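Working notes, structure below.
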Amino acid sequence: MPGTADSAREWPFGGLDVAGLVEGGWRPVPFSEVVLKIHGRCNLACDYCYVYESTDQTWRTRPRAMPPEVIAATAERLGEHVRGHALSNVTVVLHGGEPLLAGRSAIASAVDRFRAALPSSCDLEVTMQTNGVLLTDEMLAMLDGNDVGVAVSLDGDREGHDRHRLRADGRGSHADVMRGLNRLAASHRRLYRGLLCTVDLDNDPVRTYEALIETRPPRIDFLLPHGTWSAPPPHRPAGGDTTPYADWLIAIFDRWYRAPRKETGVRLFEEILNLLLGAHSRSENIGLSPVAMIVVDTDGTLQQVDTLKTSYPGAPETGLTVFDSGFDEALSHPGVVARQIGIAALSRTCRTCAVRDICGGGAYAHRYREGEGYLNPSVYCPDLMALISHIGRTVQDDLALAAAAPGH
C-alpha cells in the first residue's frame, strides 16, 4: 500500500487499472528471485546508502536480524509459489544491511531451510551481496560448504572507495574489503559472482575500472547513484541536458570493448548490447523485461524493490507479510504490476523515444517525481540516451567494417 495520502494519488496507485489489465488477458510473471534481508543493520556507514540515508527510515523500527520464524515462513511461501507455478529454478539473495552480520550459524540454517522447502524439481541458487569486511577464512568455508555465491561492493581504488564507504568512526573500509575479496578470489573462487560499484563522478573512470578488475571478477555491475526528479543525484540537475554519467561510463565502455580479451563482463554494457542485437534484458535497470523479484524484510514484510526507499517513506511496502499472505497476493500489487507490464508503464515521452526498447525507462526508482509518482522518464534520461547511442554507433560501425571486409 502507498505510504501517505498524497502517494496514494500518485501513479501507479492512482491511474493503473490492474483489474482492467487482467480482464484484457495480462497475467503476472511469478517471482523467481527473493531478496532476503537476513540482517537489518550494517557495519559500515556509507553516505549514499539508500537503506539508512534516504527519506525512508523504517529500518529503525524493524528487527536487527531476521528471526528464525520469518525465515521459516518465507521458505514455506517460496515453496508454495514454486509448486503453484511449476518453477524450475529460483534465486534467494541474502541481503541487508550487511548479511554476514547474521553469523555463520544463522546463514547456514537459513540456506538449509530454503533448500528443504523446495521440491526436487526446482533448482535453488543462493547468493549474497556483501561489503566484504567479514569475509574471513571461517566465513568463506561456511559459504563454500553451503554453496552460497558471493558478490562484493567495491567502488574502485582506495581513494575512490574510501570517499563514501566508511565506518561509523570515519575510517575507510577499503583495506578490510580487499583482504576479504582476495580470500574470495583465491581460495573460494568458485563462489565469486562479481563486484557492485556505485558510479562516482569524482573518481577517474578508467582508474576505477582498472582497480575493479585486479581480482578478475566474473562480472562488474555499475550502478547509478539513486536519485529522483524531486531529489536529483549528485551532479545530475533535474531536466538538464548534460550527460556527466554517460561520459564517465563511455570512458569505461571504450576501454572494455576494445580490450583484446574481455577481462570480465560488465553487466550494464552487456545488457545494452544484448538488447541492441535483439535479445532480452536480464536486468531490472534496463530494457522492458518483467521484473520477477520480491523483497522480504527482517520482520517478514513483503516489499517491492527496496531502492524505492529513496522516493518517500513507505514506498516499497505492499501491506503484506509472509505470515498472512502468499507471494501470489503480492503479484497484484500496483507497484509490482507496474514493473511487469513493459511499455504500458512508460511515460508518454518514453513511449515515443527512439531507444525506448533498450532503455526501458531506466531504473524504476529513478522515475519518481513527488505529486506524480513513477510515470516519468528516468532522471538520468540524457545520460541513458547518450550511453545507448554511443554503444549503438560502436556496434554499427563494427558490423559495417565486418561486412566490408574481403571475403565477407
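Not measured: the values here are computed from a predicted model. Start at 1 with the first residue, then count along the sequence.
- At most 12 non-hydrogen atoms from other residues, nucleotides or ligands lie less than 6.0 angstrom from NE2 of His280.
- Between Trp256 and Phe253, the ring planes lie tilted relative to each other; the angle falls in the 30° to 60° range.
- Heavy atoms of other residues, nucleotides or ligands lying less than 6.0 angstrom from CG of Asp241 number 12 at most.
- Using a 3.5 Å distance cut-off with no hydrogens or angles, the side chains of Asn285 and Tyr380 do not pair a donor with an acceptor.
- In the model, Glu98 has no side-chain atom that pairs as donor or acceptor with a side-chain atom of Asn43 under 3.5 Å.
- With hydrogens and angles ignored, the 3.5 Å screen pairs a side-chain donor or acceptor of Asp155 with a backbone N or O of Thr198.
- Ring geometry, Phe13 versus His333: the interplanar angle exceeds 60°, so the pair is classed perpendicular (tilted spans 30 to 60°).
- Counting heavy atoms of neighbouring residues, nucleotides and ligands inside a 6.0 Å radius, atom CZ of Arg190 exceeds 12 of them.
- Between the side chains of Asp324 and Thr321, at least one donor N or O lies within less than 3.5 Å of an accepting N or O.
- Looking only at atom types and distance, the side chain of Asp144 has a donor-acceptor partner in the side chain of His188 under 3.5 Å away.
- A salt bridge links Arg171 and Asp169; the closest N-O separation between the charged side-chain nitrogens and carboxylate oxygens is under 4.0 Å.
- Under the 3.5 Å distance criterion, with hydrogens and angles disregarded, no donor-acceptor pair is assigned to the side chains of Tyr312 and Ser230.
- With hydrogens and angles left out, the side-chain atoms of Asp328 and His81 include a donor and acceptor closer than 3.5 Å.
- In the model, Asp299 has a side-chain atom that pairs as donor or acceptor with a side-chain atom of Thr301 under 3.5 Å.
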message: Determine whether Arg77 and Glu80 satisfy the following criterion, salt bridge (Lys or Arg N to Asp or Glu O under 4.0 Å), listing intermediate values before the conclusion.
response: CA-CA 5 Å; Arg77 293 302 187 188; Glu80 293 172 356; 3.2 Å; yes

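- Classification of the Trp59-Tyr52 ring pair by plane angle, with boundaries at 30° and 60°, yields perpendicular.
- A distance-only check finds a donor-acceptor pair linking the side chain of Arg367 to the backbone of Gly362 [under 3.5 Å].
- A donor-acceptor pair is defined here as one N or O able to donate and one able to accept, closer than 3.5 Å; no such pair exists between the side chain of His39 and the backbone of Met66.
- No salt bridge links Arg158 with Glu214; every basic N to acidic carboxylate O contact stays at or beyond 4.0 Å.
- Counting non-hydrogen atoms of other residues, nucleotides and ligands closer than 6.0 Å to CZ of Arg113 gives a total of 12 or fewer.
- The closest side-chain donor-acceptor pair between Thr318 and Gln304, if any, does not fall under 3.5 angstrom.
- The aromatic rings of His226 and His366 are tilted relative to each other, their planes meeting at an angle between 30° and 60°.
- More than 12 non-hydrogen atoms from other residues, nucleotides or ligands lie less than 6.0 angstrom from CZ of Arg356.
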